[in-house]
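Report on the structure given below.
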Amino acid sequence: MTRLAPSATLVRRALGGHASVGLLVGALLYLIALSGSVIVIHDRWQRWEQPGIAETQALSPVAVQAAMTAMLAREAAAGKPRTTHLYVRIPTPALPRAVVTTDNGAAYVDGRGRIVGREAHSWTEFVIGLHEYLHLPATWGLMLVGALGVAMASLVVTGVLAHPRIVRDAFCLRTRQDPQIARADWHNRLGVWTLPFALALALTGAFIGLGGVGFGVLARAYTGGDLEKAYAPIFGHEPAADPAAAPLADAAAAIRAVHARVPDAVPTYVIVHDPGTRGSHVQVIATHPRRLIYGETYAFDAAGGWRGPVGLADGPLGRQAAASTYNLHFGNYAGLPVEIAYMLGGLALCVVTATGTSLWLGKRRRRGLGSTRMEAAWTVIVWGSPLLLVLTAWLRGAAGPDAPLVAAFWTALALALAAAAARPGWIAAARLRSATFASLVATGIGHLVLLRPAAGGVIAIDLALIAGGATVLLATRRGRPRAAPVTPAD
Amino acid sequence: MLLVRLGWGGVRGAAAAGWLLAAATLLALAMLGGAWGVASGGVAGMAAAIAIVLHAGWTSPARVRRPAREPASVTLPRIPRDIAARVAVFVLVVPVAFAAAQWCAFGVQALARRLGSGEADAAVLLLFGQPIVWAGLMAWQMTRADWTRMIAAPAVAALVGTALWGLA
């Protein structure tokens with residue numbers, strides 16, 4: 001038997017390891033990459049989902065206070081339990097709407113702080129839930145998604161080791177050759193050029209997902225199991241609670257203080273802890289221009305008296321790094337251009353994930369080990385899941401914000417996978433792919449016609465859906481010769 | 001990225017100049033805009049490279065060429081012994097490597113605290129360290145020939161964690 005050079009065996013072992021990890025986590029990684037690509041612009045989707053809500057470009061401190069007072073009065077009148085936290089989201093260019101949120105629900109408010117409608121972006125939240133915890137119970141789901149981030153990072157490393165011609169092939173993309181060659185090129189080229197992006201997303205995702213475990217370990221080791229104390233060195237201490245009744249905290253004074261003391265900072269959230277109690281206190285989260293941190297947290301007492309910043313912007317390096325992981329992961333640190341780049345990068349990761357498993361299935365088929373059931377099941381994941389995401393948006397539109405989107409998505413996906421296993425001949429990739437892109441076109445047109453949005457940003461999304469779907473439909477019609485029969489996963 | 005592409009196409013020295021320019025740009029962005037500048041510049045570079053690759057795909061000639069009949073790099077287990085080996089791999093790579101990475105990262109943060117690092121910096125060493133060490137272990141383990149050779153890496157990580165904790 002011929003002995004292989006050590007480097008050749010390493011390449012083979014790396015390829016084997018790369019394939020093993022990819023096969024184990026490929027489907028879940030694909031769902032996470034797909035949903036992640038969508039929710040990069042989640043604020044804009046929220047606006048798209050409810051286009052009829054009155055919008056406002058700004059919310060004055062007085063209006064913030066009025067919104068909080070109105071929400072508490074409304075919930076008290078409805079007999080709802082007293083909330084432990086009260087949040088006001090300040091309008092931004094991506095979402096020019098103010099939202100006031102309690103433990104019991106959320107409502108949009110107008111520029112004067114009057115409640116104008118229920119916040120009911122359940123489809124957007126459904127896609128966020130798919131990305132962040134795969135709709136599992138939050139703690140376990142976050143851990144699983146964090147672990148998948150680690151698996152993705154290891155896929156990046158083993159992928160590089162398994163690719164000795166990484167430089168020679170750097171710009172070679174043979175899209176119109178044999179499908180197996182085209183798939184390999186798509187996989188390798190997009191994999192290489194998205195490498196830093198993929199690594200950054202994987203590790204920040206792992207940090208966010210597995211952070212709970214890390215804080216749990218720190219709590220057991222240093223704070224007697226008290227998680228809040230373990231979080232405090234990074235996210236700040238919270239004062240002791242005092243449940244005695246008191247007037248609502250003065251959030252307006254807190255916002256005015258931020259404007260006066262830190263003129264460059266832009267408040268995005270106002271949080272009142274334990275509203276209506278003597279232990280109540282206020283936090284204002286404000287973004288800092290040209291910073292990767294999600295913002296600085298400024299703390300105040302119930303009267304709006306300044307307590308100071310937590311130090312996310314200028315505190316210890318670790319605190320700044322921790323605060324930077326979120327924006328680096330979600331791509332919301334430099335406006336729409338970077339958001340679009342993140343969406344396209346996320347879609348590239350979808351292609352890398354999809355073609356990886358398709359390559360493996362293709363190799364098996366060419367060696368006479370093909371499995372039509374596995375190929376049909378993979379086709380359902382690759383083309384069925386985006387189609388189902390679009391169909392759930394239609395379900396949301398037809399049945400309202402309380403439609404069971406999670407149950408509908410997973411039930412339909414399970415049924416489609418069962419159909420692929422039982423009747424693989426029913427699953428045709430070309431038809432599913434066409435249906436997916438046609439559904440994007442139909443959704444854009446349907447949204448424009450049925451909901452008649454007025455905001456330019458919302459109309460732009462509809463036009464992007466129509467143009468994107470139509471372009472891909474036309475592009476896939478470009479003829480290409482085939483040396484091998486078309487397979488379900490092409 | 002255009003220079004890098006020209007260099008790849010045969011213009012001698014252009015690729016090196018392109019990479020140098022990219023590195024210098026990232027350095028300048030780091031000095032001017034810190035992490036924000038590096039992240040923004042990195043995304044722009046990646047987008048430019050992918051645009052060039054997509055153009056190559058759009059203009060690639062249509063040919064009929066059969067790919068090599070390579071065996072799949074991983075086969076599905078069929079006999080109980082193979083299945084047991086896959087289970088062993090999973091156990092070593094997921095829960096065992098996870099715990100070893102956690103312990104190693106905990107040791108690093110414990111030593112950092114002992115050496116006078118602030119609580120926030122030490123905590124972040126643990127939070128960032130765990131996934132990085134775990135990903136490294138996973139990559140190392142998955143390039144071993146069989147599951148018995150996957151034991152050493154998490155064992156070493158756990159020993160390192162213990163040693164650092166002992167020093168702390």
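Being a predicted model, the structure only gives us computed values, none of them experimental. The figures that follow rest on heavy atoms only: side chains count, while hydrogens, waters and symmetry mates do not. Quick note on labels: first sequence line is chain A, next is B, and so on, each numbered from 1.
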Legend entry - Interface moiety of A:Leu210 toward chain B, non-hydrogen atoms closer than 4.5 Å: side chain

Inset, instruction - Name the option with the most non-hydrogen atom pairs under 4.5 Å to chain A; the candidates are B:Ile52, B:Val4, B:Val124, B:Val94. - result: B:Val124

Inset, instruction - Mind telling me whether A:Phe171 and B:Trp8 have parallel, tilted or perpendicular rings, with 30° and 60° as the class edges? - result: perpendicular

Legend entry - Nearest atoms (heavy-atom pairs only) where B:Ala123 meets A:Leu218: CB-CD1, 3.7 Å

Atom pairs and distances, side-chain donor-acceptor, residues 153-162 of chain A, under 3.5 Å, sequence neighbours left out:
{"from": "A:Ser154", "atom 1": "OG", "to": "A:Ala151", "atom 2": "O", "distance (Å)": "2.9"}
{"from": "A:Thr158", "atom 1": "OG1", "to": "A:His18", "atom 2": "ND1", "distance (Å)": "3.1"}
{"from": "A:Thr158", "atom 1": "OG1", "to": "A:Ser154", "atom 2": "O", "distance (Å)": "2.8"}
{"from": "A:Thr158", "atom 1": "OG1", "to": "A:Leu155", "atom 2": "O", "distance (Å)": "3.3"}

Inset, instruction - Using a heavy-atom cutoff of under 4.5 Å, enumerate the residues of residues 321-329 of chain A that contact chain B, numbered in order, or state 'none'. - result: A:Ala321, A:Ala322, A:Thr325, A:Leu328

Legend entry - Considering all heavy atoms, the nearest A:Tyr333-B:Trp36 contact: O-NE1, 2.7 Å

Legend entry - Selection from B:Gly33, B:Ala120, B:Ala44 maximising heavy-atom pairs under 4.5 Å formed with chain A: B:Ala120

Inset, instruction - For chain A, find which of B:Gln130, B:Arg113, B:Glu119 contributes the most heavy-atom pairs closer than 4.5 angstrom. - result: B:Arg113

Inset, instruction - Please report the closest heavy-atom contact between A:Arg13 and B:Arg144, naming both atoms and the distance. - result: CD-C, 3.7 Å

Side-chain donor-acceptor pairs under 3.5 Å in residues 190-203 of chain A, sequence neighbours left out?
{"from": "A:Trp193", "atom 1": "NE1", "to": "A:Ala170", "atom 2": "O", "distance (Å)": "2.8"}
{"from": "A:Thr194", "atom 1": "OG1", "to": "A:Leu190", "atom 2": "O", "distance (Å)": "2.5"}

Using distance only, find each side-chain donor-acceptor pair of residues 98-106 of chain B under 3.5 Å and give its atom names and separation, not counting sequence neighbours.
{"from": "B:Trp103", "atom 1": "NE1", "to": "B:Ala158", "atom 2": "O", "distance (Å)": "3.4"}
{"from": "B:Trp103", "atom 1": "NE1", "to": "B:Thr162", "atom 2": "OG1", "distance (Å)": "2.7"}

